[in-house]
Amino acid sequence: MADHAHQRILEAVQAVLIAASTAAGARVYLDRVDELPAANLPAIDILGADDTGEDAIEEMTIGFPPKLQHAYSFPIACVYAQKTGAAKAARNLAKQVEAALLAATNTIAVGGVSIDMVITGSDEVKDGSGAVPMFSVRQSWQAQYRTQGGAPDAPL
């Protein structure tokens, strides 16, 4: 059985961002649980640390199994160590992420089905609580797709 569509979407997003040759280079992390050390910055962090995704599901048909419309939301953080110019650099990295993901409409696919990507918000965060003070721009992304009820690994 294939992985859940959420996992496959996140892995496709990670691959697109690595291939985009952003200022973060290959430092595009998925489901990271530990703090980013200074040597790993700048970085793009997809669902890192305490972040989680959320799936809003709407039934589209009355029959069984129903067709379901998914709106899977997840954060992506563009992170720099806090120093002079970090805020500007993080904002520019966020610009690169947005451009890469919105240009990759046909690249982000699961089982041959293109996934619609929508950016739904952005906020800036200064965090001085860790070993490395960081500045990040956190974007909220939404992957929109359909499945048949009972088949969460197979978008239609």
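Remember, it's a predicted structure, so these values are computed and weren't measured experimentally. Throughout, residue positions are numbered sequentially from 1 according to the sequence presented.
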For a 4.5 angstrom cut-off between non-hydrogen side-chain atoms, does [X] reach [Y]?
X    : Y    : value
Y145 : V113 : no
F135 : V79  : no
V137 : V125 : no
L10  : F74  : yes
I44  : Q139 : no
Q69  : I57  : no
Q14  : I18  : yes

Find the distance between [atom1] ([X]) and [atom2] ([Y]) and round it off to the nearest 0.5 Å.
X    : Y    : atom1 : atom2 : answer
L30  : L47  : CG    : CG    : 6.5 Å
I46  : I9   : CD1   : CD1   : 12.0 Å
S136 : D45  : OG    : CG    : 9.0 Å
K83  : L41  : NZ    : CG    : 9.0 Å
E11  : I108 : CD    : CD1   : 12.5 Å
L68  : Q148 : CG    : CD    : 7.5 Å

H70 vs H6 aromatic rings, parallel, tilted or perpendicular, using cut-offs 30° and 60°?
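H70 vs H6 ring planes: perpendicular.
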Answer yes or no: is there a donor N or O on one side and an acceptor on the other, between the side chain of [X] and the main chain of [Y], under 3.5 Å?
X    : Y    : value
S73  : G53  : no
R138 : C78  : no
Q142 : M117 : no

Whether the E98 and Q96 side chains hold a donor-acceptor pair (N or O, under 3.5 Å, no angle test) is what I'd like checked.
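Note: E98 and Q96 side chains miss the donor-acceptor criterion.
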Checking side-chain contact (heavy atoms from CB on, under 4.5 Å) for the pair I76/L101: CA distance, chi angles, key distance, verdict?
CA-CA 11 Å; I76 296 176; L101 291 182; 3.7 Å; yes
Tell me the closest heavy-atom pair linking [X] and [Y], and the distance in Å.
X   : Y    : value
V16 : A104 : CG1-CB, 3.7 Å
L93 : A24  : CD1-N, 4.0 Å
L36 : A43  : CD1-CB, 4.1 Å

Got a sec, which residues hit side-chain hydrogen bond (donor to acceptor under 3.5 Å, both in side chains) with E58, two or more places apart in sequence or on another chain?
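E58 satisfies side-chain hydrogen bond (donor to acceptor under 3.5 Å, both in side chains) with no residue once adjacent residues are dropped.
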